[in-house]
Amino acid sequence: MNKILLLIFYIFIGTSVSAALINDNIVDLILKDKTIERPEIHEVYNYQNMEKLPIRLRIIKRISSEKNIYEGQQILFRVQSSVYYKGNLVVERGTIVNARVETIVKSGMNGIPAGIVLGSFKIGDIPKSKLTDVYELQGQDRSLWVYPLKWALTILPPSGSLTNFIKGGHAKLEEYKTIEIYYYPNWI
Amino acid sequence: MKKILFLLILLVFSAGYVHAMEDSVTEDFIPEENTIQKAVMNDEDIVKEKAIIREQTIQGKINDVAFRILNANKIDKRIIFVYDKTEKKSLLKSADDVVKRQVILYENDIKFISNEDELAGYLSRGIIMALKSYGGIWNGSLNAIEVKLAPKIYEIYADKRAVDLMVNAGYHPVGLITYLNKAFPQKRFDMFSNTNLTSKRLATIYEYIYTKYPYYLQNNKYFETDSYQNFLLNSQTNRKLLENKIKNKSQEELKYE
């Protein structure tokens, strides 16, 4: 009888060890008790009618990939001109538009430019599915002249490698620059 | 004695439950191998036919997931998806995403994919790379060259944007973590390499999901899977860095190992 009990005890301990899970501290300490909405999913679509209307926007405070920017950062735009569809006002001039810095691409060696991907545009009651998803900004692309220079310098080694130190331009959006995203009235 | 036996049965079932959790995540989108094994091996035609059916099934599944991602993300550029049984032989072949705008799923890659989320992760990365070749001068030619010349930068970019595509299309982004954790080896250094350390990529993706889609970490259906548990085990240092960053409300870019 003792042997049977020992066996049960052994199996129990063995099972509990194999079922032990590693905890995710970030989830347990930071996310666990928060109420977080499920991100919007674009499962239903109909692309029969591709009619689109431009919405002209200007950023309220300039951004640059050089500094003071991070992924997930909220940014604000102002609508530059009212948008009408079939005589009805869709977006009024001066409306404030919320958006987000989605992804940042760092500038690289040999003139590879930096980039910023903007997205999550929220304009009044327009559903996300009817708007352009993302708007990409790119810095000055110096690789156009850096690579020919690099190859030209290969005859004088190691001077060609010096072009590695030439970085690409930073992506930025100034307050005076207008960008266009699109509203697709017939999309679902 | 009956009680002891009952207790034993209960314990055996509870142990089986842990593994059942993983099985529930693993969906068999690849047709069962044993359908081929069951065929009479000396009848080559039957074997070939079954192999063709298997390839068509895989290709069909790839197309379903890929076009769902394209449509859900309103991507109006043409990209095709090819299942290829041959192994990747040269570095040049990996450029198909940006040169031919086709995403190739090799047999070697597919063996690491065990569900639709992981497949969506693989395809989303390819889509992002292929899309890169649609912008810029010379009809995207220069961008395609840049992707080849600065692969480390665009590798991280593709990982992050793949998460966005997956979420928009309704896939669980943690699938990308479990896939990479299974499929990509860990190099010693990445200073002189054309790829990033896999641990660095995994930590970056984790941070990206935490920042933009914390819902999926809070409701993580992969939490109990072996691959994700292994990721939690091997990423403790990097996740500690992120935890400190969050606690300090810092915005600085972390240097993951």
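All chains are named by letter (A, B, ...) in the order of the sequence lines, taking the proteins before the strands, and each is independently numbered beginning at 1.
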_Winner by heavy-atom pair count (cut-off under 4.5 Å) against chain A, out of B:Leu242, B:Asn71, B:Ile246, B:Asn220_ = B:Asn71

*Contact part of B:Gln236 toward chain A, heavy-atom cut-off under 4.5 Å: side chain, backbone, both or neither?*
neither

*Identify the two heavy atoms, one from A:Tyr45 and one from B:Phe67, that lie closest to each other, and give their separation to 0.1 Å.*
OH-O, 4.5 Å

*Checking A:Ile104 against chain B: side chain, backbone, both or neither under 4.5 Å from a heavy atom?*
backbone

*Select, from B:Asn73, B:Asp164, B:Ile156, the one with the greatest count of heavy-atom pairs under 4.5 Å involving chain A.*
B:Asn73

*Would you indicate whether A:Asp33, at its atom CG, is surrounded by more than 12 heavy atoms from other residues, nucleotides or ligands within a distance under 6.0 Å?*
no

*Of all of A:Gln138, A:Gln73, A:Met50, A:Lys106, which one pairs up most often with chain B through heavy atoms under 4.5 Å apart?*
A:Lys106

*Selection from A:Asp141, A:Asn68, A:Asn23 maximising heavy-atom pairs under 4.5 Å formed with chain B*: A:Asp141

_Under 4.5 Å from a heavy atom of chain A, the part of B:Lys152 involved_ = neither

_Could you check whether A:Tyr70 and B:Thr211, counting side-chain N and O atoms only, form a donor-acceptor pair closer than 3.5 Å?_
no

*Consider only side-chain N and O atoms of B:Tyr206 and A:Asp24, and report whether a donor and an acceptor are under 3.5 Å apart.*
yes

_Over 12 non-hydrogen atoms of neighbours within 6.0 angstrom of CD in A:Gln48_ = no

*Between chain A and each of B:Arg68, B:Lys160, B:Gln251, count heavy-atom pairs under 4.5 Å; write down the option with the most.*
B:Gln251

*asked:* If you count heavy atoms of other groups shown closer than 6.0 angstrom to CZ of A:Arg100, is the number above 12?
replied: yes

*Beyond-backbone contact of A:Leu29 with B:Lys247, side-chain heavy atoms, under 4.5 angstrom*: yes

*Whether B:Lys212 side chain and A:Thr103 backbone form a donor-acceptor pair below 3.5 Å*: no

*Is any side-chain heavy atom of A:Glu37 closer than 4.5 Å to a side-chain heavy atom of B:Tyr215?*
no

*Please state whether the side chain, the backbone, both or neither of A:Ser120 comes within less than 4.5 Å of a heavy atom of chain B.*
neither

*Spatial distance of atom CD (B:Gln218) from atom CG (A:Leu31) [nearest 0.5 Å]*: 6.0 Å

*asked:* For A:Ile112, which atoms come within 4.5 Å of any heavy atom of chain B: side chain, backbone, both, or neither?
replied: side chain

_If I measure from the heavy atoms of chain A, does B:Asp76 come under 4.5 Å with its side chain, its backbone, both, or neither?_
neither

_Flag if over 12 foreign heavy atoms under 6.0 Å of CZ, A:Arg62_ = yes

*Is chain A contacted by the side chain of B:Tyr171, its backbone, both, or neither, given a heavy-atom distance below 4.5 Å?*
neither

*If you count the non-hydrogen atoms of other residues, nucleotides and ligands that lie under 6.0 Å from NZ in A:Lys172, is the total more than 12?*
no

*A:Val44 versus chain B, the contacting section by heavy-atom distance below 4.5 Å*: neither

*Considering non-hydrogen atoms only, spot the tightest contact between B:Asn168 and A:Lys128 and give its length.*
OD1-NZ, 3.1 Å

*Proximity breakdown for A:Tyr47 and chain B, heavy-atom pairs closer than 4.5 Å*: side chain

*In Å, rounded to the nearest 0.5 Å, how long is the span from NZ of B:Lys74 to OH of A:Tyr184?*
8.5 Å

_Any side-chain to backbone donor/acceptor pair from B:Tyr210 onto A:Ile26? Under 3.5 Å, distance only._
no

*asked:* Under 4.5 Å from any heavy atom of chain B, what part of A:Glu136 do you find: side chain, backbone, both or neither?
replied: side chain

*asked:* Salt bridge check, A:Glu102 against B:Arg161: does any charged N sit closer than 4.0 Å to a carboxylate O?
replied: no

*Tell me, with the steps shown, if B:Glu207 and A:Glu71 meet side-chain contact (heavy atoms from CB on, under 4.5 Å).*
CA-CA 10 Å; B:Glu207 183 180 352; A:Glu71 284 165 353; over 6 Å; no

_Tell me whether A:Lys122 at atom NZ has more than 12 heavy atoms from other residues, nucleotides or ligands lying less than 6.0 Å away._
no

*Between B:Leu217 and chain A, which part of the residue has a heavy atom less than 4.5 Å away: side chain, backbone, both or neither?*
both

*Report the option among A:Gly115, A:Ser143, A:Gly72 that has the most heavy-atom pairs separated by less than 4.5 Å from atoms of chain B.*
A:Ser143

*If you draw a 6.0 Å radius around CD in B:Glu253, do more than 12 non-hydrogen atoms from other residues or ligands fall strictly inside?*
no

*asked:* On a heavy-atom basis, which atom in B:Tyr213 and which in A:Pro39 lie closest, and how many Å separate them?
replied: CD2-CG, 3.7 Å

*Between A:Lys32 and chain B, which part of the residue has a heavy atom less than 4.5 Å away: side chain, backbone, both or neither?*
backbone

*Without swapping roles, check the side chain of B:Gln229 against the backbone of A:Ile22 for a donor-acceptor pair under 3.5 Å.*
yes

*asked:* At a heavy-atom distance under 4.5 Å, which candidate from A:Ile69, A:Thr132, A:Val117 has the highest pair count against chain B?
replied: A:Val117

*Looking only at heavy atoms, what is the nearest atom pair of B:Pro214 and A:Ile36, with distance?*
CB-CD1, 3.9 Å

